[in-house]
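Heads up: the structure comes next, in structure tokens.
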Amino acid sequence: MKLWKKLALGGGGVLIALIVAAVVLYRINNVPPELQEPNLFAYYKSQDTVPEGKVGVYASLMLMPETYDEELYYNVFFKPLTIIPWPIREFLKADNGTPLYDEKRFFEFEEFEPTRLIDHRGEDRDVDGVPYVEKYKAGEIEFVERTGYTPGYFLYPGRDAGMPTGAAELMAKARVYYHAENAGLVDGRVPHETAARALVADAMARIQARYGDVPWRLVNAELDDAARKAMHSLLDEGVDTVIFAPPRLIYSHYEEFNSSFRKGLELIDEWEAENGKDIKVIIAPQWADFDVARDAYLNMLRERLATLPAGSSVKVVASIHGMPWDVVPNEAWLELSPPYREKIVADAQAILETEFNLGRTEVVVTQDHFAEMSDLFPSTNEAFWSGIRDGYDYVINFPMEFYAETTDTLFAHAVVNFEGFDDYDVYEPIEYTNWDEPFTRTFVQDGTTVIYNGVPVGRYRAPLVEAYVQSIGAILSQREDERMVDAAERAAD
């Protein structure tokens, strides 16, 4: 037998074994995150919701900070990697050099001559003291082009970032765009965390007025050390049952079951091991399960409609954040959102048809991001333009999952939603300092007035506070002492 045949036959078993091993490794590393154990979504649907002993509330979610937070933006980079297949996600963690943004032209897609380049540390020069702009002129820095709605950036491959380049790129963008004065916002302050804390504080004050001493913590799920301290201090107060109650309308694997809930459970496990005590965990029902939650958005819609001339034709666009649904077909959001979506659409249509003297009307559900990766919902931008082409007098948009302006609603979603609008300018700083009033936008495009109606802040958030109280109350009302009080009150009646 010729030598090459011997080698081929002899190596065949090894090659097959390698292929099998590669397939097994691929499958092991690509179990859909929604199906991984422990499956907290399955737990949520079958859990025992009767609390035992002293009860504490743990509210955890990703909070976009008012000012720049290095740890948060570093950690946020890793969040979407959970739904990206292996080994692609490993390549995305590579350190390919230091990413840079021009401090004035931070949203470009093709190369241009920069004037001042900023890195993820907030520095405009390399560690050797040479300004990055000079290194660009010397040909040491290149421009990374992008398409779609994600801007390109400059890359200095001669200096490692000391972290995944993608993480450093997000951090640099947050510095020069999201949180720099007169860039994304006039004062560089993002309202999300402040608004979330105010809402939770309002709800917990009412909870404590009704149910007595209920210790609670609100934490940023992306700040690990702060979350650990918060959970441990909550349990150190003698809590026997922890209610996970994130301030969120609709739960998802991406934000809750595989993120804030999972992290919270790991912190409880850690504390249990240190203290030799078992803690009961209950996940509170989502706000969307309570009818009152919809009123926050519908009341704002009513006020807007009241300002329109009689007989106006109106298209209402109720938008969601969106996900690449084909990539995450087992996402809990897909199962938990339909009742809320369907009811809010029906409510909005009823308002249009019965409460106001309007002409032609329509209500649609859209998604701001990733619509191009799924056929489940049209894009918000597509809905805007179809309303314009159909000759509606007004197109009114409300983001039915958000209760505070975030870097998404202010920047990332806006640049997609208003694509092609004559008067939308990504470089026009947003002036928004009164966070108790909704931030709105109005564009007149080809004869149609398109209105972004904002989110329910200030006096508009009362229905969401009530939904939060009802959510936590649905658990606390099952305590034995509360059942005894209810029975006594019924007997007295």
*asked:* Parallel, tilted or perpendicular: which one describes the rings of His321 and His369, with boundaries at 30° and 60°?
replied: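 Taking His369 first and then His321, their aromatic rings stand perpendicular (interplane angle over 60°).
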Residues in side chain to side chain donor-acceptor pair (under 3.5 Å) contact with [X], at least two apart in sequence or another chain:
X      : answer
Thr194 : Glu66
Trp271 : Asp236
Glu372 : Tyr149
His413 : Asp368

Do we see a donor-acceptor contact under 3.5 Å between the side chains of [X] and [Y]?
X      : Y      : result
Ser233 : Arg217 : yes
Gln286 : Tyr340 : no
Glu401 : Trp333 : yes
Asp422 : Gln445 : yes

Sub-6.0 Å ring centroid separation between [X] and [Y]:
X      : Y      : result
Tyr251 : Trp287 : no
Tyr452 : Phe443 : no
His179 : Tyr73  : yes

_Between Ser259 and Phe257, is there a side-chain heavy-atom distance shorter than 4.5 Å?_
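Not touching, per the 4.5 Å side-chain cut-off.
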*Less than 4.5 Å apart, any side-chain heavy atom of Tyr460 and any of Tyr297?*
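Answer no - side chains too far apart.
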_What verdict does the salt bridge (charged side-chain N to carboxylate O under 4.0 Å, His left out) test give for Asp347 and Arg294, after you've listed the backbone C-alpha separation in whole Å, the side-chain angles of each residue and the deciding distance to 0.1 Å?_
CA-CA 9 Å; Asp347 290 343; Arg294 303 193 301 276; 2.6 Å; yes
My understanding is that only residues two or more places apart in sequence, or in another chain, count here; which of them pass side chain to side chain contact (heavy atoms under 4.5 Å, CB included) with [X]?
X      : answer
Glu274 : His232, Glu270
Pro151 : Tyr101, Phe107, Lys173
Thr366 : Val317, Ser319, Val364, Pro378, Thr380, Ala383
Thr449 : Tyr394, Thr442, Val444, Ile451

Pairs involving [range], ordered by first then second residue, that meet salt bridge (Lys or Arg N to Asp or Glu O under 4.0 Å) (sequence neighbours left out):
range            : result
residues 423-451 : none
residues 325-336 : Lys45-Glu335
residues 71-81   : Lys79-Glu222, Lys79-Glu255

_Tyr424: partners by ring pair (Phe, Tyr, Trp, His ring centres under 6.0 Å), with sequence neighbours left out_ =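 Checked Tyr424 against ring pair (Phe, Tyr, Trp, His ring centres under 6.0 Å); matches are Phe418.
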